[in-house]
Number of protein chains: 2
Amino acid sequence: MSPARPDSASVAAPAARGTHATIHDVARVAGVSVASVSRVFNGRDHVRAEMRARVEQAAAQLGYVPHAGARSLSMARTGAMGVVLPDLHGEFFSELLRGMDREASRRGLGLLLTVLHDGRGLDTLAALRGQVDGLMVMAPELDPAILARHMPRGLASVFLACIPQDGSPSLRIDNRAGAAAAVAHLAAGGAKRIVHISGPAGNLDALERRAGAEAAAAAAGVALTVIEGDFHEGSGAAVGESVAAGTLEADAIFAANDMMAIGALMALKRHGVAVPGQVAIVGFDDIPLSRLVSPALTSVAIDIAAMGARAVAQLAARITAAREGFLESTSTGADETIVPHLMVRETTRETDRG
Amino acid sequence: MSPARPDSASVAAPAARGTHATIHDVARVAGVSVASVSRVFNGRDHVRAEMRARVEQAAAQLGYVPHAGARSLSMARTGAMGVVLPDLHGEFFSELLRGMDREASRRGLGLLLTVLHDGRGLDTLAALRGQVDGLMVMAPELDPAILARHMPRGLASVFLACIPQDGSPSLRIDNRAGAAAAVAHLAAGGAKRIVHISGPAGNLDALERRAGAEAAAAAAGVALTVIEGDFHEGSGAAVGESVAAGTLEADAIFAANDMMAIGALMALKRHGVAVPGQVAIVGFDDIPLSRLVSPALTSVAIDIAAMGARAVAQLAARITAAREGFLESTSTGADETIVPHLMVRETTRETDRG
DNA sequence: GCGGTTTCTGTAAGCGGTTACAAGCCCGTG
DNA sequence: CACGGGCTTGTAACCGCTTACAGAAACCGC
C-alpha cells in the first residue's frame, strides 16, 4: 500500500461533465494528500518546493479552483459583506455602492446586495447567515423594532442613517446641521417666506432635516411652511406649480433632497418664474446631477461614496473584533457622524447671465 | 438508550457566545433527529404536525437560522448570482443593478457584485465558484481572450455587451442601428457637418456606435468627423469648447453616450452657442438625467433596467438547464439583441421658448 | 549509531447542512 | 392474528475544504 501514485487509470475522469475538479482530484493527480494541496493553496505552512510544483502543475492541468462555499464553511469566514438598502434610485445608490466597492475590493471582499422593496425582503436577511461575514444596513423608513426583529443574531453589522440596534455602530449624517445651514443661507440671502419640501413622514432623515430647517428658521426669524414630499421629482414639481400659480407664497424653497428641488426648479422655469431672482432654491445630497441642471442647484453636500467606504471600514473592524472574541465588548464601535457642507451654486446666487 | 429527550441539563448552552445555533442544537432541544429538523425547514417530505410544531418551537426558542454556506455545499446551489461590471458611474450602473435586482429578488436570488477596476479584479472571478450559481459579465473594454482565460470553468454565464465566450448566451445592444438612427435624425433635421464624439478605442460599444454613425452619414451624404472621447463629461466639454471657439466646424454633435453629450451641451451653452439653433446634439443611453438638463437632450434610448432583468432571466434559464444536464447542449441559449429607439427632445428640435 | 529536533506529510475529524436508505409504526385485510 | 404497505423518523454518508495531531524523514551533535 504505497501512497497513491499518479496512475493513469485512476486519473482517467478527474471530473464529470461540467463538474469542477475538487481538491481530491488534485491530490490524486499529484500523488499527494489533500492536506498538502490545501497547504500549497493557502501557503501558510511549510511545503517542500518539489511538492509545491507537483501540486501546482496538477491544479493547473485540472483547472482546479477552490470552492468558496466549502472553504467558508470550514473557516467560518465568507469574504463577503451584505449590503441592505431601500429601493433607491439614481446617483445616491450608485455613489454609495461605488464607495463601498472601492473599500471592499481593496480588502479583497465581495458585496452581496439585498434591496428591501418596502418591507418585503426583510425575511431574506436572516438567510444571509453563512453567506456574508457582516451586514451594512440602511433602512431609514423602517421601524427600528421591526428591523431589530429581523436582524440575524450574531452577525456583525453597521447601520447607515438609521437608528442602531443592539449596540452596533452606525454612520449618521448630521441632517439637522445640514438643513440648518441651508435655511440660514437662504435667510442670509434675504428670504422671508421659505417653503420646505420634506421627505415622507416615516423617514428618519426627512424628520431630522425638517427639524433642522425649523430650528434655523426660528433662529433667523423667517417664516417656514412645510409641505410633505416623497423624495421624488414629482412632489417637488407640484410645489413648484403651486408657487408659480401663486397658491403658495414663497421667495425660497428648501427641499429635503435634490430630486425634489430639481422638480421644483423645472416647474418654476416652465412657468417663467426667475430662479434665483424670484425664488431661490436649495436641495440636499448634492448628487452629481445638481451641478448640471441650469441654473445649477445649490445643495447640502454629503460625500456619499466616502460614507460607503467608511461603512465598509467600520464593518471590517467590527468583524475582526468579533473574531478576536471581543464581540460582547462594551466598546460597541464608535458611531460616526458625517457633517455635510453647503455647496453654493446658481439657484441661490445671481450670476452674470442670470 | 431512548432517543435524546429535551433534557434541561444537556440543553444548557445551545450556542456559545456570539455563535449561532446549528441544526444539531435544534434537534437536541426538540428531541428529534437532524434529518427531521431539515425536513421541517425544507418542507418537501412528510412530517407529522406534532413534530413540525416541536421543531418550530425549538428553532424559535434558539433563534435558529440555517447556514447558507453549509446548505449550498450539500445542495450544490448558492442562491446568488455574480454580477461583474466595469467601474461604472452614475445612472447606467444603478439602472442596470435595479433591473437585475428586480428580477433576481422575484426569484429569491441574491446579487454578488464584483467590479473590475481596469483589469484588476479579474483574478477574483475564479474565486466565485461555490459562492454564486452563475455569472453576468459586462466587460466591453476587455480583450475577449483575456476574459475567457479568467472565466471560472463550468459556471453558467451570460455576457452583456461584450463578445460571448464558449457559447454562452449574450445580451447585445444594437449599437449600430441606434447610432444610425441618431445620425439619420440629425441629417433629416438639416445637419451637414456632424461631429461624432466616440467612446474609448478599445470599447466594443464605442466601436459599433461609431460604425453605425459612419454608415448612416455616408448614406445620407453628410460629413462626419470622429473625435475620440472617454465616456466622461470632460471629453464632451472639450469638443463643445472647440466648436464654440470655431476650431472645429459643426452644426450637429452625436456623442456615444449621454454624459459626453451633456458635457458638450454645457460647454456650448457657457459660450452662448444656441442649442439646437446653431448646433444640434444627440446622446446615447437616455439616462434619466437627459430629460432634466435644459434644453432636454435627444438621446438613443435603451431600457437599461429591462436589460438587467433580461440578463437575470437568461442566466436563471441557463442555470437550470445546466442542472438538468443539458449543459453541453448545442442550443447555447439564445442571444438577445436589444434594439434602442430614438427619444427626441429639445436639443434637436426648436421649441416654443427656444 | 542514537536520542532529540526540526521539517515535512498524511490521516481523520470536523464545519452545518441534505438525503438515500433502512427501520419502526400503524393500519386494514384475509 | 400474521402480513403487506403507506407514513414517519433516525442513521450515517456525503458535499469540499481546513487543520489538529501524529507519524515519517532528515539532520544535528555526541
Side-chain angles (χ1 to χ4, degrees), chain A residues 1-5 14-16 19-28 30-55 59 62 64-79 127-131 133 152 154, chain B residues 1-5 14-16 19-28 30-55 59 62 64-79 127 129-131 133 152 154 323:
Chain A
M1 282 298 173
S2 62
R5 288 177 322 132
T19 310
H20 272 281
T22 74
I23 198 172
H24 289 98
D25 297 317
V26 177
R28 182 155 34 75
V32 302
S33 78
V34 294
S36 296
V37 177
S38 177
R39 288 192 190 100
V40 167
F41 270 80
N42 297 305
R44 327 181 63 77
D45 281 311
H46 317 269
V47 199
R48 242 190 338 181
E50 188 232 331
M51 145 113 7
R52 171 176 306 278
R54 282 251 292 283
V55 169
L62 263 46
Y64 168 72
V65 174
H67 187 285
R71 178 191 223 121
S72 82
L73 181 55
S74 63
M75 295 201 303
R77 158 174 209 298
T78 67
L128 256 34
R129 166 167 108 92
Q131 210 162 23
D133 294 328
Chain B
M1 280 298 171
S2 62
R5 288 177 320 132
T19 310
H20 272 282
T22 75
I23 198 172
H24 288 97
D25 297 318
V26 177
R28 183 158 32 77
V32 302
S33 77
V34 294
S36 296
V37 178
S38 178
R39 288 192 189 99
V40 167
F41 269 80
N42 298 303
R44 329 180 62 77
D45 282 311
H46 317 269
V47 198
R48 240 188 343 179
E50 188 234 331
M51 145 106 19
R52 172 176 306 280
R54 280 252 290 285
V55 169
L62 264 47
Y64 168 73
V65 174
H67 187 285
R71 176 188 228 127
S72 84
L73 179 56
S74 62
M75 296 202 301
R77 159 176 206 294
T78 67
R129 165 167 110 91
Q131 210 162 24
D133 295 327
R323 236 190 276 296

Can you find a pair of side-chain heavy atoms, one from A/R54 and one from A/V40, that are under 4.5 Å apart?
no
Any B/R48 side-chain nitrogen or oxygen under 4.0 Å from OP1 or OP2 of D/dC7:
no
Return the value, rounded to whole Å, for the distance between atom CZ of A/R52 and atom P of C/dT7.
16 Å
Given atom CD of B/Q131 and atom P of D/dG16, what is their separation to the nearest angstrom?
16 Å
Readout for nucleotides 15-23 of chain C: B = base within 4.0 Å of protein heavy atom, S = sugar-phosphate only, - = neither; 5' to 3' it is BBBSBB---
Residues that B/S74 engages under side-chain hydrogen bond (donor to acceptor under 3.5 Å, both in side chains), provided they are two or more places apart:
none
Side-chain heavy atoms of A/R129 within contact of B/H20, under 4.5 Å
yes
Whole-Å gap separating P (D/dT8) and CZ (B/R54):
15 Å
Validation row: A/D133, A/R77 side chains within 4.5 angstrom (heavy atoms):
yes
Distance-minimising heavy-atom pair for B/A70 and A/L73
CB-CD1, 3.8 Å
Separation of A/R28 CZ from A/S33 OG (nearest 0.5 Å)
14.0 Å
Ignoring backbone atoms, test whether B/H46 places a side-chain nitrogen or oxygen under 4.0 Å from the OP1 or OP2 oxygen of D/dT8.
yes
